[in-house]
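Input: a single structure, listed below in structure tokens.
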Protein chains: 2
Amino acid sequence: MATVRISAAAAPSSFSTLFTHEKAGMSNVDKEKIKRIVYEMSKDSAHFKEQERRDQRVTEHINACRERHQRIGADELKSHEQRADRLLVELDGHRNLERTWACVDMDAFFAACEALEDPSLRGDVVFAVGGTSMISTASYAARRYGVRSAMPGFIAQRLCREAGVSLRFVPVDFPKYLKFAELARTAFRLFDPHFIAASCDEAFLDLTDYCAHHAISGAEAATRLRHQVLEATRGLTCSVGIASSRMLAKIASDVNKPNGQYVVPAEREAIVSFIGPMPLRKIPGIGRVTERVLREVLGAETCAELLAKRAALCALFTARVAREHLSALLGIGGEGPPPLQREGEPSQKGVSQERTFEPTGAPL
Amino acid sequence: MATVRISAAAAPSSFSTLFTHEKAGMSNVDKEKIKRIVYEMSKDSAHFKEQERRDQRVTEHINACRERHQRIGADELKSHEQRADRLLVELDGHRNLERTWACVDMDAFFAACEALEDPSLRGDVVFAVGGTSMISTASYAARRYGVRSAMPGFIAQRLCREAGVSLRFVPVDFPKYLKFAELARTAFRLFDPHFIAASCDEAFLDLTDYCAHHAISGAEAATRLRHQVLEATRGLTCSVGIASSRMLAKIASDVNKPNGQYVVPAEREAIVSFIGPMPLRKIPGIGRVTERVLREVLGAETCAELLAKRAALCALFTARVAREHLSALLGIGGEGPPPLQREGEPSQKGVSQERTFEPTGAPL
DNA sequence: GGCCATAGG
DNA sequence: TACTCCTATGGCC
DNA sequence: CGGCAGACC
DNA sequence: TACTGGTCTGCCG
Ligand SMILES: Nc1ncnc2c1ncn2[C@H]1C[C@H](O)[C@@H](COP(=O)(O)OP(=O)(O)OP(=O)(O)O)O1
Ligand SMILES: Nc1ncnc2c1ncn2[C@H]1C[C@H](O)[C@@H](COP(=O)(O)OP(=O)(O)OP(=O)(O)O)O1
Ligand SMILES: [Mg+2]
Ligand SMILES: [Mg+2]
Ligand SMILES: [Mg+2]
Ligand SMILES: [Mg+2]
């Protein structure tokens, strides 16, 4: 038997690299099982060692923050809290609920494109786009087993095998996805000719004028938008979030994924109760490192919890960072038009081409 | 069932890219079966298309040669034959049988190194060094199923699976092989301190002085050499060819591979009868393209057959090429010392670093 | 201005 | 057997 | 001299 | 799913 047994020993509960954070289509998965398998297959690799090294640096940073946190006196904290509250009041006071933003995000984009061109991938086929080294995305059928973007394919394969199903791989084909992205954009243009393309499968549309002109709600516009995308692409579904800011719309677009929509009413109360229970990781810009820092320094997991720690937040982080986080906690970010780009200015700021090569030698 | 069936249809008999030419350890393999499987797994790939394109260019060259061949008159041919015969007489006359050369070549080198360090690879384990993309070399156990250097690993895997065995992969580890190469060289130095390192697993030793000094035959020296290599490396076997030229020694080193030796006596008759039946491909410098050209233009498969076509050989090829081939057919090449390198001249002439990237677009 | 970490698709 | 590649931002020295 | 094909490990 | 990477040589324009 060549198969390696996955031990029953639990993975250390601390790793933030084990592909277990929330993601569309992954609510019903057995997270402990996935964590265990991923850990077992990763723990001896050079890649894992490198991750640990980086995590260690973050841990040091966290410890430094904790110490500073300890040493803050009650008076100092009080003054930070007042500063935070003044800032919150100011931000809240300038809240702009006038615009109706949509965030459109295609569902399992690369995978859906492939399925559209290959009937054998239709239905509930468990497949991933990529290879055994790396996966770009996975069908929703595959996500049930924990398969997801940026996961090594051979681990994904094992996750499926342990569940008794086999994972099919489809190689990536960028030009194909760009064609479909172009089709989807023809639909976007019907609603907002100035839409902001955030990535090849994602865009922000300002639906204010469209809704006013057609005298319809954001929800109705979202439904029409999804319909038009389906038509224009001849079969691709997307999910749409509607809110008064691009930040909220983005979070909302994930709520009823796939092939769904969610509206955050343009009212202060609704916004606050929408954002409050959100895990901090849902906030765009808060990734796996910042999430750890906020949890391990301040004990905050959700937006509401971080809001309660606003004094320490202001004390420990730079003004710029604190302000950005506080804005997000109020559901504010990206209400106005995006910064205009000057005439003739190229929209892209850089190009790069990189390739991973084998390790070069001992790192010292 | 996800397994793809290999069709029973035969591969076109003409492809020279299907890993079926003679190689140590591969005499008992079912060549037709291998050819069929390799062909079935390759024929739809971009790589195969590219090979076909290149083969097509060679075909054109062959056709051009054939035409020229046709148009050579009897008189002209006669004169070429005389020229060839004069050259052969001259080459034969200057034949140098004075030196005793050895070619030492490690057996399944990378694989043997790995097996030495990992007991689970000892014995008759079917394994390859490399990955599913590309194999560097294979254990002799794996060669029984057609697995060999430069074969894509996933095809090798299939070859083994069809035979009901599973192929194990071991990643390459150059530093490891260089260490063992150094150990082997300590043994080489005992026999010829000026040995020529032809590659990391292969060297030419001038045993003339060693044999004279110890009053032993080349065969006996070869046996001692193999023993010393085994000792110095603590377990690696090699094969040795002994002859009056490096070219013959190299061919001879392959005759009783693995863990064997072969002596070509330093006598004109013995040399001629050794080289005569050799497939042309065995001659160093005659690769898959030249082999095809010689077969398809002149109908020559072996050295003796090409010698019979010496007139056409001289007519169709440049003087330099004809001379080189005629030398080889007489078993001549590399009798004298290698060209001296000047003081302080670096032995290596270049360094390079390359990486294969994905296809860039339509080639026109 | 270059380097590194972080983030997201 | 195998842990991507592209674009962007901000902090730091 | 640069580009390309062939060869070998 | 997947077809290498390093070194050298000779020919051709
Ligand atoms: N880490 C990554 N590496 C390479 N490509 C990626 C990565 N993440 C995403 N992609 C590609 C493949 C995705 O189909 C496409 C869009 O990303 P994204 O919208 O996040 O997921 P998705 O569209 O596949 O699923 P969904 O949006 O339904 O959750 O970008
Ligand atoms: N095409 C190749 N690509 C990469 N590495 C190779 C290739 N061919 C050979 N090698 C490496 C692996 C081999 O172990 C080593 C020596 O080559 P070689 O002597 O031809 O075969 P070998 O030593 O593996 O078996 P043999 O017993 O036939 O000599 O060089
Ligand atoms: Mg998407
Ligand atoms: Mg997206
Ligand atoms: Mg060898
Ligand atoms: Mg060799």
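Letters A, B, ... are given to chains in the order of the sequence lines, protein chains preceding strands, and every chain is numbered from 1. The shown structure was predicted, so the numbers you read here are calculated from the model rather than taken from an experiment.
No engagement by A:V172 is indicated, since no non-hydrogen atom pair under 4.0 Å with the nucleic acid exists.
How far CD of B:E182 is from SG of B:C200: 10.5 Å, rounded to the nearest 0.5 Å.
Taking atom C1' on both nucleotides, C:dA7 is separated from D:dT4 by 16 Å, rounded to a whole Å. D:dC5 sits 16 Å from F:dT4 when the P atoms are compared, rounded to a whole Å. When the C1' atom is compared between F:dT7 and D:dA2, the two are found 28 Å apart, to the nearest whole Å.
When the P atom of F:dA2 is taken as reference, atom CD of B:Q157 falls 13 Å away, rounded to whole Å. Distance CG (B:D44) to C1' (F:dA2): 14 Å, rounded to an integer number of Å. At whole-Å resolution of the value, CD in B:E358 and P in D:dT4 are 15 Å apart. Taking atom CZ of B:F110 as the reference point, atom C1' of F:dG6 lies 10 Å away to the nearest angstrom. Rounded to whole angstrom, the span from the CE atom of B:M134 across to the C1' atom of F:dT4 amounts to 5 Å. With rounding to whole Å, A:E40 atom CD is found 17 Å from D:dA2 atom P. A straight line from NE2 of A:H47 to C1' of D:dC3 spans 4 Å, rounded to a whole angstrom. Residue B:R355 contributes atom CZ, which lies 11 Å from atom P of D:dC5 at whole-angstrom precision.
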Just the atom pairs and distances: protein N or O near nucleotides 5-9 of chain C's N or O, under 3.5 Å.
| unit_1 | atom_1 | unit_2 | atom_2 | d |
| --- | --- | --- | --- | --- |
| C:dA7 | OP1 | A:G287 | N | 2.8 |
| C:dA7 | OP1 | A:T290 | N | 3.0 |
| C:dA7 | OP1 | A:T290 | OG1 | 2.6 |
| C:dA7 | OP2 | A:R288 | N | 3.3 |
| C:dA7 | OP2 | A:V289 | N | 3.0 |
| C:dG8 | OP1 | A:G285 | N | 2.9 |
| C:dG9 | OP1 | A:K250 | NZ | 2.7 |
| C:dG9 | O3' | A:S199 | OG | 3.0 |
| C:dG9 | O3' | A:D201 | OD1 | 3.0 |

Nucleotide N/O of nucleotides 9-13 of chain D paired with protein N/O under 3.5 Å:
| unit_1 | atom_1 | unit_2 | atom_2 | d |
| --- | --- | --- | --- | --- |
| D:dT9 | OP1 | A:K349 | NZ | 2.9 |

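OP1 or OP2 of F:dT7 sits under 4.0 Å from a side-chain N or O of B:Q348. OP1 or OP2 of F:dG5 has not a single side-chain nitrogen or oxygen of B:Q353 nearer than 4.0 Å. For D:dC3, the OP1/OP2 oxygens have no side-chain nitrogen or oxygen of A:Q51 closer than 4.0 Å. Applying the 4.0 Å criterion to OP1 and OP2 of D:dA2, one finds that A:S45 has every side-chain N and O outside that range.
Side-chain to base pairing of B:T356 with F:dT4: no donor and acceptor N or O lie closer than 3.5 Å to each other. Side-chain N/O atoms of B:S42 and base N/O atoms of F:dC3 include a donor-acceptor pair closer than 3.5 Å.
In B:Q51, the CD atom is crowded: over 12 heavy atoms of neighbouring residues, nucleotides or ligands sit closer than 6.0 Å.
In terms of the ring pair (Phe, Tyr, Trp, His ring centres under 6.0 Å) criterion, B:F317 has no residue partners (sequence neighbours excluded). Residues passing the side-chain contact (heavy atoms from CB on, under 4.5 Å) test with B:S327 are B:L91, B:I332, sequence neighbours excluded. Residues passing the side-chain hydrogen bond (donor to acceptor under 3.5 Å, both in side chains) test with B:S347, sequence neighbours excluded: none. A:F110 pairs by the ring pair (Phe, Tyr, Trp, His ring centres under 6.0 Å) definition with A:F174, A:Y177, not counting sequence neighbours. With sequence neighbours excluded, no residue satisfies side-chain hydrogen bond (donor to acceptor under 3.5 Å, both in side chains) with B:S136. With sequence neighbours left out, the salt bridge (charged side-chain N to carboxylate O under 4.0 Å, His left out) criterion links A:K257 to A:D105, A:D107. In terms of the salt bridge (charged side-chain N to carboxylate O under 4.0 Å, His left out) criterion, residue partners of B:E50 (sequence neighbours excluded) are, by chain and number, B:R53. Take B:E358 and apply the salt bridge (charged side-chain N to carboxylate O under 4.0 Å, His left out) test, not counting sequence neighbours, and it matches A:R355. Shown here are the salt bridge (charged side-chain N to carboxylate O under 4.0 Å, His left out) partners of A:K23, two or more places apart in sequence or in another chain: there are none.
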Practice problem: Report the C-alpha separation of A:T20 and A:R148 in whole Å, then their side-chain angles, then the decisive distance to 0.1 Å, and conclude whether the side-chain hydrogen bond (donor to acceptor under 3.5 Å, both in side chains) test is met. | Solution: CA-CA 10 Å; A:T20 48; A:R148 54 158 71 215; over 6 Å; no
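Protein chain B touches strand DNA chain E; the 5'-most and 3'-most nucleotides with an atom under 4.0 angstrom of its non-hydrogen atoms are E:dG6 to E:dC9.
Cation-pi contact between A:R185 and A:F188: absent, since separation from the ring centre below 6.0 Å together with deviation from the ring axis within 45° is not met.
The side chain of A:S352 lies closest to D:dC6, out of F:dT1, D:dT1, D:dC6. The listed nucleotides are F:dT7, D:dT1, F:dA2; the one nearest the side chain of B:V351 is F:dT7.
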